[in-house]
Number of protein chains: 2
Amino acid sequence: MRAAALLSLEANVDLVVVGDEPAVSSRLAELEHNPERIAVHHASQVVAMGDNPAAALERKPDSSLAVAARLLGEGVGEALVTAGNTEALLLACRRHLALLPGVSRPALAAVYPTQIRRGVKHDPFSLILDVGATLDVSADDLVTFAVMGSSYARVISRTPRPRVALLSNGAEPERGLPAIVEAHRRLTRIPGIEFIGNIEGLDIPRGTADVVVTGGFVGNVVLKMLEGVAEAVLDLAKYAQKERVKWRAGLFMLSSGIDKIKQLTDWEQYGGAPILGFEKPVIKAHARSRERAIVNAGKVAAKAVASRFDENIRAHLPTGT
Amino acid sequence: MRAAALLSLEANVDLVVVGDEPAVSSRLAELEHNPERIAVHHASQVVAMGDNPAAALERKPDSSLAVAARLLGEGVGEALVTAGNTEALLLACRRHLALLPGVSRPALAAVYPTQIRRGVKHDPFSLILDVGATLDVSADDLVTFAVMGSSYARVISRTPRPRVALLSNGAEPERGLPAIVEAHRRLTRIPGIEFIGNIEGLDIPRGTADVVVTGGFVGNVVLKMLEGVAEAVLDLAKYAQKERVKWRAGLFMLSSGIDKIKQLTDWEQYGGAPILGFEKPVIKAHARSRERAIVNAGKVAAKAVASRFDENIRAHLPTGT
């Protein structure tokens, strides 16, 4: 609620808060907010993080998540922001929202920190998709994901010509699973996107590409691995800080560096992961988000709507190759 | 050659060095070695690292790699060690060596460093397979890889009950691509291996499992990503060391820590990556290996032969499920 209150003051957007009306309204009354910008829509149920997504949607038709997706599909609102159960969100979107013409399956994208670069690319972040919406992908899906990721990076991250790459087990065009080889062939022929070919696992932390395109299974493993690596580095530092004097002195000096790593792995500042492919922008904030992350996600959603991001995707999708 | 010379002195093994006979012999003459332990088998050609593997094997039938695999298949020698072109090696093995009964496709395994553990597991390494031999895997392949990885960890790494896990996009048994779900079901029923279920990307650097089982495409991406992350950490440290006085002081203090990271990511000490599934052990040393790595790879091969590692695998493979 603090996020909604802040957004109503900071951003030029109208908000519909979906949730338990009495609770939402009484909480809002305690917070500084712009009442002209916030409407509340009642939903009596909630999908919990641990719920089985399909069963929960079936059992809880009036959950805030299902209601929000339905409202969006009915034309109430231009974008959806939530920190809820990702899979339930995907299912609710599939049920209530249309896919963009030419898109068969949606993709969940995520932003991750890359090796700090001081050259062409000042932004130390790259986008990776899909990270779990579509586990097993066809060549069609990969091409669509490349186009959508490129549009998102261009519009939201303000990278004028985002470098788009396919993740494979070798740089050569003939390397990879058949769908990747075929997608590679097609992407070289699509105008308007900066396709740099295949990259390998080595290139993910390097930040060789601005947009890394892969299937949802591989993307999920990669994204969680990046979280795990960050955790391992921080844990090593914490251990050293506690255990050894020599290390402690070193770490005190290095504290600005550790802070930098923390910052890079901090979900707060990313502003959420977009679900791409539906007719309207859907932004999934991390489940551990606090208000700042939700506010950022709201701003990203507003930017996506204002920039007609969906039309940008439609303009670049190949029309039958 | 220095590696072969050292092995002839240090290990209780007979070596057949396959390569250009005049060059090998004259180099050997310069090195301290045990002539009773080393025979030289002439091969007039070489597969280069950049060669197209299939074309090179076709064009160079007398390459050292092809000749060594053929000799092994013919019964000359009990194991093969090389630092050559991995894919050409796999093709040569497929051509000249039989697979173990019950094994349909081979796996390339790799050892990687995990978060340092001070509990049950003192060894900060885990094994991951497949990392590139079989890109797209069936449930059968995954079960076979689990059994082979478990045997290798037990025999070579001396982990009495290696914890074996399937890499997936969630811990629940029903998560993952269909082959993974099916392999999970079967692995719970195989006696003699410590199957701990699915792990996620997060668990890879943590070292939750001693043996991580996945398909060759995903494993290849994961392994190269680990290399990339290590590179990024070292690069950040180097940059800081050069650029900033405060950082420099900190890094001097931390130098033992950095050394530890270097050591963990140093191929020299691993002793090579096994190709599992053939009737005889094949150890692929990293292409950048120097003599110590080759010597270690030779010792691993000797250990695999002495422990009847292949029989250990055969004893645990399910007979038709």
Side-chain angles (χ1 to χ4, degrees), chain A residues 52 87 114-116 118 131-132 135-136 167-170 172 174-178 180 200-208 214-233 235-237 239-240 244 246-257 260-261, chain B residues 52 87 114-116 118 131-132 135-136 167-170 172 174-178 180 200-208 214-233 235-237 239-240 244 246-257 260-261:
Chain A
N52 176 299
E87 278 177 82
T114 63
Q115 203 163 348
I116 284 102
R118 286 157 292 274
V131 297
L135 292 192
D136 202 7
L167 181 58
S168 194
N169 61 318
E172 306 81 1
E174 71 277 9
R175 295 296 285 270
L177 300 168
I180 296 171
E200 300 183 83
L202 199 65
D203 298 294
I204 295 173
R206 276 185 188 159
T208 307
T214 188
F217 182 80
V218 178
N220 186 278
V221 167
V222 162
L223 186 70
K224 288 181 183 157
M225 214 175 122
L226 285 168
E227 284 188 62
V229 166
E231 181 195 81
V233 169
D235 189 70
L236 184 70
Y239 171 73
R244 289 174 59 185
K246 196 173 91 171
W247 276 72
R248 187 159 42 204
L251 276 160
F252 179 75
M253 298 298 205
L254 263 177
S255 59
S256 68
K260 196 174 268 176
I261 292 175
Chain B
N52 175 298
E87 277 177 85
T114 62
Q115 203 165 347
I116 285 102
R118 287 157 292 274
V131 297
L135 293 192
D136 202 4
L167 181 59
S168 194
N169 61 317
E172 305 82 2
E174 71 277 8
R175 294 296 286 268
L177 299 168
I180 296 171
E200 301 184 85
L202 199 65
D203 298 293
I204 297 173
R206 275 184 189 161
T208 307
T214 187
F217 182 80
V218 178
N220 186 277
V221 167
V222 163
L223 187 70
K224 288 181 182 157
M225 215 175 121
L226 285 167
E227 285 189 61
V229 167
E231 182 194 81
V233 170
D235 190 71
L236 183 71
Y239 170 75
R244 288 173 59 184
K246 195 173 90 173
W247 276 72
R248 188 157 45 203
L251 276 161
F252 178 75
M253 299 299 207
L254 263 178
S255 58
S256 69
K260 193 173 268 176
I261 292 176

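Each chain gets a letter, A, B and so on, in the order the sequences are listed, and its residues count up from 1.
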>> For B:V221, run the side-chain contact (heavy atoms from CB on, under 4.5 Å) check against A:N169, A:V221, A:I204 and tell me which one passes.
In response: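 Considering A:N169, A:V221, A:I204, a side-chain contact (heavy atoms from CB on, under 4.5 Å) with B:V221 is found only for A:I204.
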> CE of A:M225 to CG of B:L167: how many Å apart, nearest 0.5 Å?
Replying inline: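 Between atom CE of A:M225 and atom CG of B:L167 there are 9.0 Å.
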> Once you round to the nearest 0.5 Å, how far does CG of A:N220 lie from CD of B:E200?
Replying inline: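 With rounding to 0.5 Å, CG (A:N220) is 6.5 Å from CD (B:E200).
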>> Looking at chain B, which one of A:L177, A:V222, A:V131 has the largest number of heavy-atom pairs inside 4.5 Å, strictly under?
In response: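 The answer is A:L177.
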>> Under 4.5 Å from any heavy atom of chain B, what part of A:E174 do you find: side chain, backbone, both or neither?
In response: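 Looking at A:E174, nothing touches chain B.
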> Hey, are B:E227 and A:R206 close enough for a salt bridge, meaning a charged N less than 4.0 Å from a carboxylate O?
Replying inline: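 Result for this pair is no, no salt bridge flagged.
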